[in-house]
Amino acid sequence: MYFESNRSSRDGMIAIGSIVMNRVRSDDFPNTGRAVVRQKNQFAPGVMSRSLDGQGQALAKVSALAVLAGE
């Protein structure tokens, strides 16, 4: 969410997380968030291999938990 939203605000990350979760629920996409994000040409290259720490990591975690809680 952090890298795909271009290091955006919490709202930007919530939007990306919501897209991923909507795709997970769809029969047209894989059934896990990891598989959705790893699909070719769907999200920014390398999002699963980049390092994240500090404030970005904290913001991404809070945003991800909010998406998982239904926000």
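- A donor-acceptor contact shorter than 3.5 Å links the side chain of Ser18 to the backbone of Ile14.
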Check the pair Glu71, Leu65 against side chain to side chain contact (heavy atoms under 4.5 Å, CB included), reporting the backbone distance first and the verdict last.
-> CA-CA 9 Å; Glu71 186 173 329; Leu65 291 172; over 6 Å; no
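- When all heavy atoms of Val20 and Val37 are compared, the pair lying nearest together is CG2-CG2, 4.0 Å.
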Might you work through the side chain to side chain donor-acceptor pair (under 3.5 Å) test for Gln42 and Arg23, ending with a clear yes or no?
-> CA-CA 11 Å; Gln42 294 298 309; Arg23 289 182 180 189; 2.7 Å; yes
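- Minimum interatomic distance between Met13 and Ala60 (heavy atoms only, all atoms of both residues): SD-CA, 3.8 Å.
- Inter-residue side-chain proximity for Phe43 and Val36 is flagged as met; some heavy-atom pair is nearer than 4.5 Å.
- Atoms CE and NZ, on Met1 and Lys61 in that order, are 12.5 Å from each other to the nearest 0.5 Å.
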